[in-house]
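Please read the structure below before turning to the comments.
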Amino acid sequence: MNGGVMSRYEAGRIEPKWQEAWAEAGLFRAERDPSRPKFYVLEMFPYPSGRIHMGHVRNYTMGDLFARYKAAKGFNVLHPMGWDAFGMPAENAAIEKGVPPAEWTYHNIDAMRAQMKPLGLSIDWSRELATCDPEYYGQQQALFLDMLEAGLVTRKAAVVNWDPVDMTVLANEQVIDGKGWRSGAPVERRELTQWFFRISDMAEELLEALDHLAHWPEKVRIMQRNWIGRSRGLQFAFATRGAPAGHETLEVYTTRPDTLWGASFAAVSPEHPLARALEGDPEVAAFLAECRRMGTSEEDLETAEKKGYDTGIRVVHPFDPAWELPVYIANFILMDYGTGAIFGCPAHDQRDLDFARKYRLPVIDVFAPPGSEARVAAEAYVPPKTETVEFLRPVAGERLMTGEAAVDAAIAFCEARGIGRGVTRFRLRDWGLSRQRFWGCPIPVVHCPACGIVPEKRGNLPVRLPDDATFDKPGNPLERHPTWATTTCPACGGPARRETDTMDTFVDSSWYYARFTAPRAATPTVMEDAAYWMNVDQYIGGIEHAILHLLYSRFFARAMRITGHLPEKAIEPFDALFTQGMVTHETYATRAPDGRPVWREPSEVVRDAEGARLADGTPVEIGPSTKMSKSKKNVVDPDDIIARYGADTARWFVLSDSPPDRDVEWTAAGAEAAHRHLARVWRLAHETSEAAEAAEAAGGDQTLLRATHRAIRDVTADIEGFAFNKAIARLYELTGAIGKAPAGAPARRTALRTLAQLTAPMTPHLAEEVWAMAGGAGLVAAARWPEADPALLVEASVTLPVQVNGKRRAEIAVPAGSDAATIEALVLQDPAVVRALNGAAPRRLVVVPDRIVNVVV
RNA sequence: GCGGGUGUGGCGGAACUGGUAGACGCGCCGGACUCAAAAUCCGGUUCUGGCGACAGAGUGUCGGUUCGAUCCCGACCACCCGUACCA
């Protein structure tokens with residue numbers, strides 16, 4: 001260094017300096033100010049696993065870009081950060097390493113905050129919260145009690161995975177091939193009484209409101225719509241023959257009553273009361289036991305081999321008293337959907353057909369493609385309900401009908417004859433929130449032998465987790481804690497026991513966005529703050545949360561409106577949603593002597609044109625680029641990247657290489673290139689700041705000015721449209737234009753200041769440096785966003801491609817706005833066109849002014 | 001299994017949602033500067049054939065609609081996300 005004056009781009013010096021300047025100016029502190037329009041930017045908060053990864057860098061860089069852009073546009077921006085801090089990994093750490101979950105979690109939070117701060121994010125850290133703070137979960141308990149009082153909570157039975165050796169409930173993730181992940185014992189399905197949020201009562205509203213979420217991705221709305229799954233169908237009772245007392249009828253629900261003539265069997269879920277009533281039979285008991293060994297997930301149920309047990313019971317077909325159908329217990333019938341019992345129509349349902357083939361049941365065609373002689377054989381005929389088909393055995397209506405019309409006709413026909421009634425049902429089930437785990441928000445109720453279930457007194461909140469739980473045995477530490485559950489009944493004062501279940505961690509993340517508007521309040525929210533800051537104007541996170549987290553949040557916002565914690569306008573808490581892609585990396589492996597892959601970290605691998613090797617020359621196999629994960633070691637530590645290149649390079653790279661909603665592959669070459677570009681920008685600003693004032697070139701000045709204003713227009717549009725990769729392409733062009741322009745130093749400095757403004761949301765530290773070198777006043781982070789001058793954007797002439805038979809053969813330059821006749825005349829003189837026509841007249845001439853010409857010969 | 005998505009040069013991607021396929025970046029090739037190297041700068045780069053003007057092919061596969069299709073329609077293939085106790 002010569003006398004401390006930098007002569008090259010040194011991110012390590014620049015970045016801390018500007019972060020300090022921003023902090024000193026208090027730029028990111030959000031204060032309620034009704035005189036200014038607000039903008040609330042939120043990224044899905046992280047789970048404090050211990051280290052941030054590139055996926056976090058990408059997520060928070062995108063949010064930061066938007067927050068800084070909106071601030072420059074004059075908005076009062078709220079951009080907070082917190083920690084989704086409850087969950088299983090902390091308990092696993094306690095079991096494996098003996099560290100208390102709270103200690104592990106807060107240590108991780110400290111580490112991740114320390115990694116995040118050097119990124120220079122425009123976050124209001126004064127609002128930071130963690131869901132495991134008693135200050136947070138105590139308010140969550142208050143919300144729960146309000147919801148209980150408002151009738152939004154209920155108790156009922158639910159099926160869980162039970163590990164019979166560890167005597168504990170397992171998450172789906174903890175079940176590997178049907179066995180407990182620690183005990184290795186075959187897992188059983190078991191019913192427990194659990195707490196539920198009554199989200200299914202709101203199914204209709206949650207469905208309808210999706211239509212108004214104009215700034216949500218269509219795919220997310222479709223996924224939610226399908227998940228809620230409204231269906232119109234017929235519910236009716238079969239009369240049974242040979243069933244136990246109390247089961248004289250069997251209630252079924254079907255969305256295809258128009259296929260009733262194709263019925264060949266009835267089936268009930270293994271959890272259905274009728275199945276239970278038969279359990280005295282050893283064969284039934286054995287079959288049910290087999291069913292209980294299946295997983296609880298829908299995927300397990302649907303992909304498992306379809307099996308049934310013929311109960312010997314018969315039901316009478318509702319249209320024909322002489323026609324009896326066998327009743328099976330079948331492993332693929334869900335107790336949670338409909339009535340837990342169905343009738344099977346093999347011809348028009350693939351599952352039913354597989355089942356019918358297996359148990360040699362008849363296959364009766366009800367409809368077929370119009371005019372077709374084809375009948376169902378290997379595959380069921382299941383056309384969309386909107387398609388017209390020919391009914392061979394209609395329940396009611398015409399021969400040619402759509403499925404929809406046939407269903408309506410069949411329902412009307414059945415209702416008129418007293419066979420059941422048309423009902424609307426939803427696939428959406430109530431939200432079971434009970435977890436038999438320690439590291440979660442305690443459910444604030446008490447079980448009293450005299451009074452039953454009693455809500456805890458508000459004054460006793462928060463019901464805190466104990467800090468002396470033990471993790472040496474499997475099961476819920478709260479349940480076996482010597483004193484924690486022992487309490488007195490809030491109603492009668494007698495001895496009682498606390499609820500030892502804690503809440504699903506999805507509860508924690510269903511209202512944190514509201515808490516950020518008043519994170520230290522003694523109530524869950526403060527109405528003035530919520531009214532000002534809500535809704536979240538831009539929410540950003542992964543597509544993996546498209547259904548559960550977002551649906552639960554939509555439910556919670558409604559519940560908080562009902563219980564007086566949010567204003568009416570906040571029932572849809574996220575005005576705009578953006579789902580970003582993952583950060584992936586190639587995987588590297590060497591081979592162990594037994595041939596198994598040994599995963600290698602990117603930092604161990606030397607990459608060249610030939611392939612990849614370890615430092616000692618061992619050849620390395622290059623695998624496909626996948627989501628960065630610890631198990632495959634294909635992770636790049638943000639700390640290393642920041643230490644080597646600086647935060648701006650990391651930010652620039654994760655924004656530049658792929659569209660934000662797609663996966664981006666991290667490559668060392670890409671990071672290198674990003675850094676080279678930033679160094680070039682710095683150099684350009686440095687050289688220009690030292691250039692002589694006298695250098696003038698009037699024509700070059702104007703060209704550069706026009707290029708600058710095109711960049712303002714394009715970058716602004718690209719940011720608004722979440723096309724950050726395109727915005728960056730335009731910024732590369734502007735940088736190139738400044739570098740090459742035969743323009744004077746003042747004009748170049750003007751262009752550089754605009755470049756600084758346009759890059760400030762992406763590379764905020766470098767932007768400050770460039771801004772300062774180019775003579776900008778104050779901080780660029782506090783400067784207003786530039787506006788493009790329309791007069792500098794108009795183009796005098798356009799180049800029209802000329803196609804012959806749809807293939808480009810020539811181009812002509814014409815004044816912008818030329819009419820079709822003018823263009824036509826020019827085109828017919830073009831040598832390429834003359835050659836193609838070969839003296840003949842064109843068969844057709846398509847002229848789209850300012851766009852294209854197509855000559856058809 | 002079911003629901004949703006993605007697929008374009010050697011690579012990441014762009015194309016105003018029917019109008020010049022390949023912007024911008026990486027990589028590669030050539031050149032300048034240098035004793036040399038690094039850094040930097042300039043030029044080229046979809047593939048095939050041709051010295052060349054040019055011709056042909058080309059957006060996962062197969063088929064269709066259109067003056068014109070990466071874009072619309074039908075059938076399929078591969079991969080990714082979710083599937084209610086991973087977060």
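These numbers come from a predicted model, not from an experiment. Note on naming: letters A, B, ... go to the chains in the order of the sequence lines (proteins, then strands), and numbering restarts at 1 for each one.
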Practice item. Please report the C-alpha distance between A:Y512 and A:F45 in whole Å, then the side-chain angles of each, then the deciding distance to 0.1 Å, and finally whether the ring pair (Phe, Tyr, Trp, His ring centres under 6.0 Å) criterion is met. Key: CA-CA 9 Å; A:Y512 76 111; A:F45 64 166; 3.7 Å; yes
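Note on A:V160: a base of the nucleic acid sits closer than 4.0 angstrom, heavy atoms only. Heavy atoms of A:R683 sit under 4.0 angstrom from primed sugar atoms or phosphate atoms, though from no base atom. Counting non-hydrogen atoms under 4.0 angstrom, A:L428 reaches a base of the nucleic acid. Note on A:A673: only backbone sugar-phosphate atoms sit closer than 4.0 angstrom, heavy atoms only; bases stay farther off. Note on A:E733: only backbone sugar-phosphate atoms sit closer than 4.0 angstrom, heavy atoms only; bases stay farther off. Among the atoms of the strands shown, base atoms are found under 4.0 Å from some heavy atom of A:W227. Across all strands shown, A:K807 has heavy atoms under 4.0 Å from base atoms, whether or not it also approaches the sugar-phosphate. When heavy atoms are screened at a 4.0 angstrom cut-off, A:G670 is found touching no nucleic acid atom at all. Note on A:P46: nothing from the nucleic acid sits closer than 4.0 angstrom, heavy atoms only. Residue contacts shown for A:F506 include a base, since a base heavy atom lies under 4.0 Å away.
When distances run from any side-chain atom of A:V846 to the nucleotides B:G43, B:C86, B:C67, the shortest one goes to B:C67. Of all nucleotides listed (B:U40, B:G3, B:G1), B:G3 comes nearest to the side chain of A:N226. Of the candidate nucleotides B:G43, B:U20, B:C41, B:U20 has the atom lying nearest to any side-chain atom of A:Q803. If you check B:C24, B:G13, B:C67 against the side chain of A:N854, the one that comes closest is B:C67. Closest to the A:I852 side chain, of the nucleotides B:C24, B:C85, B:G19, is B:G19. With B:G1, B:A57, B:G3 as the choices, the nucleotide that has an atom nearest any side-chain atom of A:E302 turns out to be B:G1. Ranking B:A87, B:A23, B:A84 by closeness to the A:R427 side chain, first place goes to B:A84. Closest approach to the A:N725 side chain among B:C67, B:G19, B:A14 is made by B:A14 (side chain taken as heavy atoms from C-beta onward). Residue A:T799 places its side chain closer to B:U20 than to any other of B:G12, B:U20, B:C85. Comparing B:A55, B:G82, B:U83 by their closest approach to the side chain of A:E299 singles out B:U83.
Considering only side-chain N and O atoms, A:K726 lies under 4.0 angstrom from the phosphate OP1 or OP2 of B:A15. Dashed line: the shortest gap from a side-chain N or O of A:R680 to OP1 or OP2 of B:C41 is under 4.0 Å. Contact between the side-chain N/O atoms of A:N805 and the OP1/OP2 oxygens of B:C67 is not found at any separation under 4.0 Å. Phosphate contact (OP1/OP2 of B:C85, side-chain N/O of A:R435, threshold under 4.0 Å): present. At B:U8, none of the side-chain N or O atoms of A:R662 fall inside 4.0 Å of OP1 or OP2 (strictly under the cut-off). In terms of phosphate contacts, A:R844 brings no side-chain nitrogen or oxygen within less than 4.0 Å of OP1 or OP2 of B:G68. Between A:R808 and B:C67, a side-chain N or O to OP1/OP2 separation shorter than 4.0 Å is absent. At B:G13, one or more side-chain N or O atoms of A:S658 fall inside 4.0 Å of OP1 or OP2 (strictly under the cut-off).
At least one cation-pi condition fails for A:R221 and A:W216: the charged atom is not both under 6.0 angstrom from the six-membered ring centre and inside a 45 degree cone around its axis.
Both A:L170 and A:S656 lie near RNA chain B, and the one whose nearest nucleotide falls closer to the 5' end is A:S656. The nearest heavy atom of RNA chain B to A:T296 and to A:G806 marks one nucleotide each, and the one closer to the 5' end goes with A:G806.
Between A:W652 and A:Y732, the ring-plane angle classifies as perpendicular under the 30° and 60° cut-offs. Using the six-membered ring where Trp is involved, A:Y137 and A:F86 have ring planes that are tilted, between 30° and 60° apart.
The closest donor-acceptor contact from the side chain of A:N226 to the backbone of A:G229 lies at 3.5 Å or more, if one exists at all.
The base of B:G1 is not paired with the side chain of A:Q350 by any donor and acceptor separated by under 3.5 Å. In terms of polar N and O atoms assigned as donor or acceptor, the side chain of A:Q194 comes within less than 3.5 Å of the base of B:C85 in a complementary pairing.
At a threshold of 4.5 Å between non-hydrogen side-chain atoms, the residues A:L577 and A:P217 count as touching. Counting heavy atoms from C-beta outward, A:N725 and A:S658 have side chains that stay 4.5 Å or more apart.
A straight line from CG of A:D657 to P of B:C11 spans 14 Å, rounded to a whole angstrom.
A glycosidic torsion no more than 90° from 0 defines the syn conformation; B:G22 lies beyond that range and is anti.
With a cut-off of 3.5 Å on both Watson-Crick or G-U wobble distances, the partner of B:G3 is given as B:C81. Of the nucleotides present, B:C26 is the one that pairs with B:G10 by Watson-Crick or G-U wobble criteria, both distances under 3.5 Å. Nucleotide B:A55 is matched to B:U48 when pairs are restricted to Watson-Crick or G-U wobble geometry with both distances under 3.5 angstrom. As the counterpart of B:A75, B:U61 is assigned, both hydrogen-bonding distances of the Watson-Crick or G-U wobble pattern falling under 3.5 Å.
The ring of A:F355 has its center closer than 6.0 angstrom to the ring center of A:F332.
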